[in-house]
Amino acid sequence: QVQIVESGGGLVQPGGSLRLSCAASGSIFSIGVMYWYRQAPGKQRALVAAITRGGNTTYAGSFKGRFTISRDNAKKTVYLQMNSLKPEDTAVYYCLGAVATTTTTMTYANYWGQGTQVTVSS
């Protein structure tokens, strides 16, 4: 089994920063692309950023410049540094990992975390 666990969310004032972490654990053979998504109240879950195993990054919309995705392959962890936060960044942030397990070494499946709440408010 694979577990994806996010952490680092919380309450922050507008203009502040947060760093989210997402750690993968379990019977992992290899981790491919890792993603951060977010879901604001009343809205659909939306892609924020993605990062390949080699460190190539992709950002959706206007996140590039305020948000930075990074990963530590040795720690099986991906990060999302969020700066200049706005009230509209309030959402549950989810991590998604494409993981090959030790029993399915040639097949990657998507695993979601439970999410971490980010609230931007004064």
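Here, residue 1 is the first one in the sequence, and each next residue gets the next number.
- Rounding to the nearest 0.5 angstrom, the gap separating the OG1 atom in T77 from the CG atom in D72 is 6.5 Å.
- Annotation: the span from R71 atom CZ to I51 atom CD1 amounts to 6.0 Å, rounded to 0.5 Å.
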Residues 112-122, side-chain donor-acceptor partners within the protein, below 3.5 Å, at least two apart:
unit_1, atom_1, unit_2, atom_2, d
T116, OG1, G9, N, 3.1
Q117, NE2, A91, O, 3.4
Q117, NE2, T119, OG1, 3.3

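- Nearest approach of N83 to S17, heavy atoms of both residues: OD1-OG, 2.9 Å.
- Going from atom OG1 of T101 over to atom OH of Y111 covers 5.5 Å, rounded to the nearest 0.5 Å.
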Donor-acceptor pairs under 3.5 angstrom involving side-chain atoms of residues 19-36: please list them, not counting sequence neighbours.
unit_1, atom_1, unit_2, atom_2, d
S25, OG, Q3, OE1, 3.4
S30, OG, Y108, OH, 2.8
W36, NE1, Y79, O, 3.4

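- To the nearest 0.5 angstrom, L80 atom CG is 8.0 Å from T68 atom OG1.
- Of the possible polar contacts, none joining the Q39 side chain to the V92 backbone as a donor-acceptor pair under 3.5 Å is found.
- Looking only at distances, a side-chain donor or acceptor of R66 sits under 3.5 Å from a matching main-chain atom of S84.
- Sparse packing is recorded around CD of Q44, with 12 or fewer heavy atoms of other residues, nucleotides or ligands lying under 6.0 Å away.
- Side-chain N or O atoms of T90 include one that pairs as donor or acceptor with a backbone N or O of P87 at under 3.5 Å.
- Contact annotation: the side chain of D89 approaches that of R38 to within less than 4.5 Å [non-hydrogen atoms, C-beta and beyond].
- A donor-acceptor contact closer than 3.5 angstrom is absent between the side chains of Y37 and R45.
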